[in-house]
Amino acid sequence: MCHVIVTCRSMLWTLLSIVVAFAELIAFMSADWLIGKAKPSSSEDVDNRTGGSQEPYHPTLGIYGRCTRISHMQLSRRDTLCGPYAENFNEIASGFWQATAIFLAMGIMILCAVAFVSVFTMCVQSIMKKSIFNVCGLLQGIAGTYTL
C-alpha cells in the first residue's frame, strides 16, 4: 500500500531534478559548443522573396554534432544541416572532447537516475533508514562535478 506524501520541498525537488536532467541532455546534444565567425554573404545569399540578404551564417561545432551550410539549397529558408559528424567514439574532434563526452554522459546518467528516483520519493521517503533526499542530493552533487 502506497501513501502519497507530497510536500512543497519534494515537489520542487522532483521538478527541478527532471528539468536539470533534460537541460544537461539538451546541452550534450547541442551543436552550439563552438560558434564560428560569420561567413561573408555572397550574391547567392540574397532571398528571392524579399530581395534582402539572409542572416549571416555561423558554422557551429558540438561534442559530436555540427551544423554546416548546404550551398545548393537556395529555395529553402533553412540552408543549414545539423547532425553528427562522428560515426563512432574515436572520430570525436579531440581527446579533450572525448573526455568531455565521457564525463557528461556519466553525469547525465546519474541525473536521469536521480530524476527517476525522485518521482518515487513521493511515496517512500527512506530506504534502510537513509533519507532518499540525502542520498539523491549526494548523487546530484557527484553528477555536478562530472558535468562541470
Side-chain angles (χ1 to χ4, degrees), residues 1-41 45 47 49 53-148:
M1 202 160 129
C2 177
H3 298 283
V4 178
I5 306 166
V6 179
T7 62
C8 290
R9 182 182 105 169
S10 66
M11 182 61 77
L12 182 65
W13 178 67
T14 299
L15 291 175
L16 288 177
S17 296
I18 293 169
V19 166
V20 167
F22 278 121
E24 286 286 331
L25 187 60
I26 290 169
F28 183 75
M29 302 297 287
S30 173
D32 293 333
W33 283 60
L34 294 176
I35 300 175
K37 291 183 180 180
K39 299 284 184 178
S41 58
D45 289 341
D47 190 355
R49 288 169 271 160
S53 63
Q54 295 178 355
E55 295 178 12
Y57 167 68
H58 296 274
T60 61
L61 179 68
I63 289 183
Y64 74 93
R66 68 175 170 197
C67 292
T68 57
R69 173 170 258 171
I70 303 170
S71 61
H72 65 276
M73 291 183 67
Q74 296 176 3
L75 300 175
S76 172
R77 189 88 170 133
R78 299 192 59 165
D79 58 352
T80 58
L81 177 66
C82 297
Y85 68 85
E87 294 288 326
N88 58 41
F89 183 75
N90 293 327
E91 291 180 0
I92 292 179
S94 70
F96 293 113
W97 288 69
Q98 290 174 347
T100 301
I102 290 171
F103 285 120
L104 267 176
M106 288 172 40
I108 290 169
M109 285 181 6
I110 293 171
L111 287 174
C112 288
V114 168
F116 183 72
V117 168
S118 70
V119 174
F120 293 109
T121 61
M122 293 184 191
C123 293
V124 178
Q125 290 187 337
S126 65
I127 295 177
M128 295 188 294
K129 297 184 181 180
K130 299 288 183 189
S131 171
I132 295 176
F133 289 110
N134 293 341
V135 173
C136 288
L138 176 67
L139 288 176
Q140 285 176 329
I142 291 170
T145 59
Y146 279 123
T147 58
L148 291 178

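Note that the numbering runs from 1 along the sequence shown for the chain. None of the values given here were measured: they were computed from a predicted structure.
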I want to check something: taking the side chain as every heavy atom from C-beta on, are Phe116 and Ile18 in contact at a cut-off of under 4.5 Å? no
Pairwise side-chain contact, Tyr85 with Glu91, heavy-atom cut-off 4.5 Å (strictly under): no
Inter-residue atom distance [X].[atom1] - [Y].[atom2], 0.5 Å rounding:
X      : Y      : atom1 : atom2 : result
Leu111 : Ile142 : CG    : CD1   : 11.0 Å
Asp32  : Thr60  : CG    : OG1   : 5.0 Å
Ile26  : Ser30  : CD1   : OG    : 9.5 Å

Say whether, by atom type as modelled, one donor and one acceptor occur between the side chain of Ser17 and the main chain of Val114 under 3.5 angstrom. no
Strictly distance-based, threshold 3.5 Å: is any side-chain N or O of Glu24 a donor or acceptor partner for the main-chain N or O of Leu104? no
Of all heavy-atom pairs between Phe89 and Ala101, which one has the smallest distance, and what is that distance? CE1-CB, 4.3 Å
Smallest heavy-atom separation, Leu61 atom then Arg66 atom, equals CD1-CB, 3.9 Å
For atom CZ of Phe96, decide whether the heavy atoms of other residues, nucleotides or ligands shown that lie under 6.0 angstrom number more than 12. no
